[in-house]
Amino acid sequence: MSAPTQPPMAWKYCGDQIKRWRAQAGVTRERLSTAASYDIESVRSMEAGRRKPSFKLLATADELCNARGILLGAYEFLIPERPPTRTEAYRTVENEAIALYSYEPLYIPGLLQTEEYARATLSYTIPPVDDQTIEDRVAARLERQGKLALRPTVLFSFVIYEAALNTLMGGSGTMKRQLHHLLDVGQLRNVRIQILTFEHGPPSCLSGSMILMETVNHEHFAYVETHETNALHSDPKIVSMLTQRQAMIRAQALSVEDSAEFIRKAAEQL
């Protein structure tokens, strides 16, 4: 990871506090540097916030200045926060989206899954996970689905490849109830569900799932996912390429009305 272009403000504030405490206690920079086994320039850089104040310097300054733990306590605020995972970054964008366009070739999209279908997909991961983890993941997935009804001004468009309808995830009963659920959710005025049949699927439909999103600030993002690999793209060139690819897929899919009939017939055959 490349270094930040500017030092964090926490470094500058902490360094300034060291300098203030040192001046108040009458401790020279030379004395502090000697006690902490640093050269003068290193201490100067840390006090100026150009370099992160070290635990050793804070502990030494705290003792010399009789700060009673106040300076040393600042160290935990210098530890960088864990950067969000790509999935977490996607969730943030999803929550801000005013339009979401999803294409899924193998599974029913998470926002459209029934509880039993979600549990079936999450229960047999490799490597296996414990029961509590499964329940937590199912609950999180179901909670996300609330935005379909709670955000009626957000457009949700889904294109699902026929293969996802023919995979009996959890058994024929689970799959039949899942297909009926698609028909129910498809009645929401802000939800569009289309089926891409085997007959009309272009080669690009086999390249994997993708989700395109537009935020309230009209920023455009693309999220793609494969085996244990995912990426959230904001690069206009990549987003444009994936937008064109999904547009071609959507153009080849059945209409919303024909898709509902296709789903209904698939459910009857189970």
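As the structure is a computational prediction, the values presented were derived from the model and not from experiment. Residue numbers count from 1 along this sequence.
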Visitor: Just so I know, are the side chains of T243 and V239 near enough to count as touching, which here means a heavy-atom distance under 4.5 Å?
Guide: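 In contact.
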Visitor: Are F158 and V256 joined in one hydrophobic group, where the rule is that I, L, V, M, F, W and Y side chains link up if heavy atoms are under 4.5 Å apart?
Guide: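 Cluster IDs for F158 and V256 differ.
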Visitor: Donor-acceptor pair, S33 side chain versus E30 backbone, under 3.5 Å?
Guide: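 It does hold such a pair.
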Visitor: Determine whether a donor-acceptor pair (N or O, by modelled atom type, separation under 3.5 Å) exists between the side chain of T167 and the backbone of A164.
Guide: no
Visitor: If you look only at distance, which donor and acceptor atoms sit under 3.5 Å apart when one is on a side chain in residues 22-29 and the other is two or more places apart or in another chain?
Guide:
from, atom 1, to, atom 2, distance (Å)
R22, NE, E47, OE2, 2.8
R22, NH1, V27, O, 3.1
R22, NH2, E47, OE1, 3.1
R22, NH2, E47, OE2, 3.4
T28, OG1, R31, N, 3.0
R29, NE, E47, OE1, 3.0
R29, NH2, E47, OE1, 2.9

Visitor: Salt bridge or not between D16 and R20? Use side-chain N to carboxylate O under 4.0 Å.
Guide: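 A salt bridge links D16 with R20.
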Visitor: In chain order, what residues pass the side chain to side chain donor-acceptor pair (under 3.5 Å) check against S234, with sequence neighbours excluded?
Guide: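 Residues passing side chain to side chain donor-acceptor pair (under 3.5 Å) with S234: none at all.
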Visitor: Among the clusters formed by ILVMFWY side chains lying less than 4.5 Å apart, do L148 and L142 turn up in the same one?
Guide: no
Visitor: For the atom pair CG (L111) and OG (S102), what is the distance rounded to the nearest 0.5 Å?
Guide: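 Interatomic distance, L111 CG to S102 OG, rounded to 0.5 Å: 7.5 Å.
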Visitor: Is a donor on one side and an acceptor on the other found under 3.5 Å between the side chain of Q145 and the backbone of G110?
Guide: yes
Visitor: Sorted by first residue and then second, give each salt bridge (charged side-chain N to carboxylate O under 4.0 Å, His left out) pair with at least one member in residues 37-46; sequence neighbours left out.
Guide: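 For residues 37-46, and leaving out neighbouring residues, the salt bridge (charged side-chain N to carboxylate O under 4.0 Å, His left out) pairs sorted by first residue read E41-R44.
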Visitor: Does one hydrophobic cluster hold both V191 and L212, with members joined at side-chain heavy-atom distances below 4.5 Å?
Guide: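 Different clusters.
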Visitor: Within the distance-only criterion (no hydrogens, no angle test), does the side chain of N190 pair as donor or acceptor with the backbone N or O of V154 below 3.5 angstrom?
Guide: yes
Visitor: Got a sec: does the CE of M248 have more than 12 other heavy atoms crowding it under 6.0 Å?
Guide: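 Not more than 12 within 6.0 Å, no.
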Visitor: Within the 3.5 Å criterion, strictly below it, is a donor on S240 or Q244 matched to an acceptor on the partner's side chain?
Guide: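 Yes, side-chain donor-acceptor contact under 3.5 Å.
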Visitor: Taking A48's backbone N and O only, do any of them form a donor-acceptor pair with K12's side chain (distance below 3.5 Å, no angle check)?
Guide: no
Visitor: Measure across F156 and K147 and return the closest heavy-atom pair with its distance rounded to 0.1 Å.
Guide: CE1-O, 3.9 Å
Visitor: What are the two closest heavy atoms between S204 and I249, and how far apart are they?
Guide: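 For S204 and I249, the tightest heavy-atom pair comes out as OG-CG1, 4.0 Å.
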Visitor: Between N230 and V224, is there a donor-acceptor pair closer than 3.5 Å when you use the side chain of the first and the backbone of the second?
Guide: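 A pair under 3.5 Å: no.
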Visitor: Under 6.0 Å from the CD atom of E219, do we count more than 12 heavy atoms belonging to anything else shown?
Guide: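 Yes.
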Visitor: With a 3.5 Å distance limit and no angle check, can you tell me whether T215 reaches the backbone of N217 through a side-chain donor-acceptor pair?
Guide: yes
Visitor: Could you go through F198 and Y161, starting from their C-alpha distance and side-chain angles, then the distance that decides it, and tell me whether this counts as ring pair (Phe, Tyr, Trp, His ring centres under 6.0 Å)?
Guide: CA-CA 8 Å; F198 292 140; Y161 192 41; 5.4 Å; yes
Visitor: Can you measure from CZ (R50) to CH2 (W11) and round to the nearest 0.5 angstrom?
Guide: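 If I round to the nearest 0.5 Å, the distance is 12.0 Å.
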Visitor: Between H220 and P236, is any pair of side-chain heavy atoms under 4.5 Å apart?
Guide: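 Not touching, per the 4.5 Å side-chain cut-off.
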Visitor: Going by heavy atoms in the side chains, are Y223 and E94 under 4.5 Å from each other?
Guide: no
Visitor: Taking salt bridge (charged side-chain N to carboxylate O under 4.0 Å, His left out) as the cut-off, I'd like each qualifying pair that reaches into residues 106-132, sequence neighbours left out, listed once.
Guide: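 For residues 106-132: E115-R119, E116-R177, R119-E135.
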Visitor: Out of curiosity, does L72 fall in the hydrophobic cluster containing W21 (side-chain heavy atoms, cut-off under 4.5 Å, transitive links)?
Guide: yes
Visitor: Strictly distance-based, threshold 3.5 Å: is any side-chain N or O of Q178 a donor or acceptor partner for the main-chain N or O of L112?
Guide: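 Side chain of Q178 to backbone of L112, a donor-acceptor pair under 3.5 Å: yes, one is there.
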Visitor: So, using side chain to side chain contact (heavy atoms under 4.5 Å, CB included) as the criterion, who are the partners of D184 when residues are at least two apart?
Guide: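 Counting only residues at least two positions away or on another chain, D184 forms no side chain to side chain contact (heavy atoms under 4.5 Å, CB included).
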Visitor: Kindly say whether I108 contributes a backbone atom to a donor-acceptor pair with the side chain of Y117 at under 3.5 angstrom?
Guide: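 Here the side-chain-to-backbone pair exists.
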Visitor: Answer yes or no: is there a donor N or O on one side and an acceptor on the other, between the side chain of S259 and the main chain of I195, under 3.5 Å?
Guide: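 Side chain of S259 to backbone of I195, a donor-acceptor pair under 3.5 Å: yes, one is there.
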Visitor: Do you know which two heavy atoms are closest between L58 and C14, and how far apart they sit?
Guide: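 Taking L58 first and C14 second, the nearest heavy atoms are CD2-SG, 3.6 Å.
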Visitor: Give every residue pair that meets the salt bridge (charged side-chain N to carboxylate O under 4.0 Å, His left out) criterion with at least one member in residues 239-268, sequence neighbours excluded.
Guide: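 Qualifying pairs, neighbours excluded: E261-R264.
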Visitor: Stepwise, does the side chain to side chain contact (heavy atoms under 4.5 Å, CB included) test hold for Y107 with M169?
Guide: CA-CA 9 Å; Y107 295 95; M169 191 66 63; 3.5 Å; yes
Visitor: Quick one: are Y101 and L155 in side-chain contact, heavy atoms under 4.5 Å?
Guide: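 Y101 reaches L155 side chain to side chain.
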